[in-house]
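Quick caveat, the model's predicted, so the values are computed rather than measured. FYI, side chains are in, hydrogens and waters are out, and symmetry mates aren't considered; it's all heavy atoms of this structure. All residue numbers refer to positions in the sequence shown, counting from 1.
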Amino acid sequence: MTFEFLYRVLLWSLAINYAVLFAWFAVFIIARDWMRRWHGKWFHLADTTFDAIHYSGMAFYKICILLLNLAPLIALCLAGGGR
């Protein structure tokens with residue numbers, strides 16, 4: 001496995017993960033009521049609980065992106081492997 005291959009994998013992984021995060025956020029903002037009704041079929045949650053769960057999930061996902069994609073990508077660039 002070369003530095004160039006690892007660099008490309010991390011870069012694409014970062015882009016895809018941020019696209020998923022932005023899509024989640026967009027659906028949460030635009031179609032919150034639809035999501036609430038859809039999830040309400042299985043779980044009976046208060047509005048504040050529903051919001052807190054999604055906000056916490058997005059925060060956790062973002063931290064995972066930073067730790068598992070961005071930090072290794074920056075380390076690779078600093079090591080001189082990335083272009």
Side-chain angles (χ1 to χ4, degrees):
M1 184 177 325
T2 65
F3 277 115
E4 184 65 30
F5 176 74
L6 189 56
Y7 176 79
R8 286 181 179 271
V9 167
L10 287 172
L11 195 60
W12 275 106
S13 179
L14 182 70
I16 291 168
N17 279 304
Y18 265 110
V20 169
L21 181 64
F22 288 142
W24 184 2
F25 180 74
V27 170
F28 184 73
I29 294 299
I30 295 168
R32 183 189 171 280
D33 293 331
W34 172 79
M35 283 177 62
R36 175 99 169 83
R37 283 192 311 272
W38 190 53
H39 286 100
K41 292 177 183 178
W42 301 289
F43 310 105
H44 300 288
L45 301 170
D47 284 346
T48 54
T49 305
F50 179 78
D51 292 343
I53 288 171
H54 277 276
Y55 183 75
S56 300
M58 284 186 261
F60 177 73
Y61 192 69
K62 185 176 180 179
I63 290 169
C64 288
I65 292 170
L66 294 174
L67 291 175
L68 300 174
N69 294 135
L70 188 59
L73 185 63
I74 291 171
L76 189 64
C77 287
L78 291 175
R83 308 267 182 261

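Note on ring orientation: taking the six-membered ring where Trp is involved, the planes of W34 and W38 are parallel (angle under 30°, cut-offs 30° and 60°).
Within the 4.5 Å cutoff, side-chain heavy atoms of L73 are placed close to those of L11.
Rounded to the nearest 0.5 angstrom, F43 CZ and I53 CD1 are separated by 8.5 Å.
Residues in residues 8-20 take part in these salt bridge (charged side-chain N to carboxylate O under 4.0 Å, His left out) pairs, two or more places apart or across chains: E4-R8. Among residues at least two apart or in separate chains, there is no salt bridge (charged side-chain N to carboxylate O under 4.0 Å, His left out) pair with a member in residues 12-22. Under the salt bridge (charged side-chain N to carboxylate O under 4.0 Å, His left out) criterion, no residue pair touches residues 17-30, with sequence neighbours excluded. The salt bridge (charged side-chain N to carboxylate O under 4.0 Å, His left out) analysis of residues 54-75, with sequence neighbours excluded, yields no pairs.
Considering every non-hydrogen atom in both F50 and H39, the closest pair reads CE1-ND1, 3.7 Å. In terms of heavy atoms, M58 sits closest to L21 at O-CD1, 3.8 Å. When all heavy atoms of D51 and F28 are compared, the closest pair comes out as OD1-CZ, 3.5 Å.
Residues L78 and L70 are members of one and the same hydrophobic cluster, defined by side-chain heavy-atom contacts under 4.5 angstrom among Ile, Leu, Val, Met, Phe, Trp and Tyr. If you chain together hydrophobic residues whose side chains sit under 4.5 Å apart, W12 and L68 never meet in one group. Criterion: ILVMFWY side-chain heavy atoms under 4.5 Å apart, direct or through other members. Under it, Y18 and I30 are not part of a common hydrophobic cluster. Side-chain heavy atoms closer than 4.5 Å link hydrophobic residues (I, L, V, M, F, W, Y) into clusters, and following such links, possibly through other members, connects L10 to L66. A single hydrophobic cluster is not seen to contain both F60 and Y55; linkage of ILVMFWY side chains at heavy-atom distances under 4.5 Å, directly or through other members, places them apart.
Partners of W24 according to the side chain to side chain donor-acceptor pair (under 3.5 Å) rule, which considers only residues two or more places apart in sequence or in another chain, are H54. In this structure, the side chain to side chain donor-acceptor pair (under 3.5 Å) partners of S13, at least two apart in sequence or on a different chain, are N17, N69.
Using modelled atom types, one side-chain atom of R36 and one backbone atom of L45 make a donor-acceptor pair closer than 3.5 Å.
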